[in-house]
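Written out below as structure tokens is the structure these notes cover.
Sequence positions, counted from 1, serve as the residue numbers for this chain.
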Amino acid sequence: MISPDFASPSQPWNGAVMVSPHLDDAVLSATSRLASGGFTVGTVYAAIPDRSARLGAWDRLTCARNSNERMHERIAEDDRALAMLDARPHRLSFLDSQYSPPRDQPEAIERELALRLAGASEVWLPAGIAGNTDHLRVRRAALRALRSCDTPVFLYADLPYSVLYGWPTQVCGRDEGAFLDTTWWFEQELRRRRLRSPALELNVVWLDDATRRRKRAAMAAYRSQLPALSLSTDESLDQLTEIEVYWALTRPAREFPQLLR
């Protein structure tokens, strides 16, 4: 269940690092930062199941014939997408939740990330908007791994989950309409995910035309995933290439106990 391009367990990820729970999250959520170049993208749930493994629920939804073959296909998609953004892919050998991972996985992820992130100059993590379990587990493990460091940390708003009802007015500046209170939903999510803190600095990035084109091209590489994410039309792709949101931790990770629990 190990991808052929895994780095050795002792090899750190140096420089700017973006941690991606799955093979696509970093590109979907934070291309505006990746486009600056020089990033390592470390994907946590990238282990390849055995050929005899039962087909996972997400794989079944996306019409995979075999989970082993599908993970190889997804890694190839990820390679193409990251190459368009001059990012270096590295992958960890943890099974996606659809494949019934072991119970001690959270602790193992924390130990592995502590080794990998020791030399990072900045670290980008999923914020966990909309409560994807894998995203929240990775966020917690990475922040706990960084407790002894003063490394700058940023939390990117998970896309497409963060725009389930569109961006709230506070982000996009547009009216939400008469029968949809996106601001209420977004504020509730910030509270649920423990992101309501004056020490978390909200940043809204409007992608310029060149970055939008690069993001759209990179997103299109994930051909096996886009339909299930409701991102297979021009309109849906455009929605994710207009705005990206992230929070900067203005203090070291250890000073955010609400995010470490």
Side-chain angles (χ1 to χ4, degrees), residues 1-9 11 13 18-29 41-79 81-82 89-117 125-145 155-156 158-162 164 189 192-194 221-231 259-261:
M1 294 185 295
I2 296 179
S3 171
D5 61 348
F6 279 88
S8 66
Q11 180 179 340
W13 296 332
M18 189 167 295
V19 181
S20 186
H22 307 105
L23 296 159
D24 61 17
D25 290 313
V27 171
L28 293 178
S29 304
V41 174
T43 302
V44 174
Y45 298 106
I48 299 176
D50 295 332
R51 292 195 64 84
S52 60
R54 179 179 297 180
L55 198 64
W58 182 259
D59 288 345
R60 185 177 295 277
L61 177 65
T62 58
C63 300
R65 296 176 300 177
N66 177 280
S67 289
N68 176 282
E69 294 175 0
R70 174 48 56 85
M71 279 302 293
H72 279 289
E73 182 180 2
R74 292 186 65 184
I75 285 171
E77 293 174 351
D78 195 46
D79 283 341
L82 295 180
H90 285 283
R91 300 177 180 110
L92 302 184
S93 55
F94 293 102
L95 283 171
D96 190 316
S97 59
Q98 67 173 314
Y99 304 127
S100 300
R103 293 182 179 180
D104 64 349
Q105 190 185 68
E107 293 77 17
I109 292 173
E110 181 182 335
R111 290 194 299 270
E112 184 78 2
L113 288 176
L115 292 170
R116 302 294 185 154
L117 299 176
L125 305 170
I129 300 296
N132 183 290
T133 302
D134 287 344
H135 290 220
L136 290 169
R137 187 178 294 123
V138 167
R139 186 189 79 176
R140 177 180 179 272
L143 289 171
R144 289 176 65 87
L155 304 177
Y156 55 80
D158 320 62
L159 293 174
Y161 312 108
S162 295
L164 180 62
E189 278 301 300
R192 291 188 190 103
R193 312 313 158 199
R194 302 171 181 170
Y222 299 107
R223 55 188 294 272
S224 70
Q225 305 300 295
L226 295 183
L229 292 168
S230 301
L231 297 175
L259 300 179
L260 300 175
R261 293 194 295 269

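To the nearest 0.5 Å, atom OG1 of residue T62 and atom CZ of residue R74 are 7.5 Å apart. In this structure, T43 OG1 and L82 CG are separated by 7.0 Å, a value rounded to the nearest 0.5 Å. Taken to the nearest 0.5 Å, the CD atom of E112 stands 6.5 Å off from the OG atom of S93. If you take CD1 on I109 and CZ on R144, they are separated by 13.0 Å, rounding to the nearest 0.5 Å. To the nearest 0.5 angstrom, H22 atom NE2 is 11.5 Å from L28 atom CG. To the nearest 0.5 Å, atoms CZ (R139) and CG (L155) are separated by 6.5 Å.
Using a 30° and 60° split on the angle between ring planes, H135 and Y161 fall in the perpendicular class, above 60°.
With respect to the salt-bridge test (charged N to carboxylate O, under 4.0 angstrom), the residues E73 and R70 qualify. Classification of R111 and D104 as a salt-bridged pair fails, no side-chain N sitting under 4.0 Å from a carboxylate O.
In this structure, the side chains of V19 and L117 come closer than 4.5 Å at one or more pairs of heavy atoms. Looking only at side-chain heavy atoms (C-beta outward), D78 and V41 stay at 4.5 Å or farther from each other. Residues L23 and M71 form a side-chain contact, since some pair of their non-hydrogen atoms from C-beta on lies under 4.5 Å apart. D25 is not listed as a side-chain neighbour of P126, based on a closest heavy-atom distance of 4.5 Å or more. A heavy-atom distance below 4.5 Å is found between the side chains of V27 and Y222. Here the side chains of W13 and L113 are in contact, with some heavy-atom distance below 4.5 Å. Annotation: side chain of P21 is not in contact with side chain of V44 (no heavy-atom distance under 4.5 Å).
In plain terms, the two heavy atoms of S29 and Y156 that are nearest each other are CB-CD1, 3.3 Å. The shortest heavy-atom contact between L136 and G128 is CD2-CA, 3.7 Å. Among all heavy-atom pairs drawn from A57 and Q98, the shortest one is N-OE1, 3.4 Å. Contact record, R51 with N66: O-ND2, 3.0 Å, taken as the closest heavy-atom pair. Taking every heavy atom of both residues into account, L55 and A64 meet most closely at CD2-O, 3.5 Å. The nearest pair of heavy atoms linking G56 to S67 is N-OG, 3.2 Å.
Atom CZ of R223 has 12 or fewer neighbouring heavy atoms from other residues, nucleotides or ligands inside a 6.0 Å radius.
Put simply, the side chain of N68 never gets that close to the backbone of A53: no donor and acceptor are under 3.5 Å apart.
Listed by first and then second residue, the salt bridge (Lys or Arg N to Asp or Glu O under 4.0 Å) pairs involving residues 52-66 are R65-E69 (not counting sequence neighbours).
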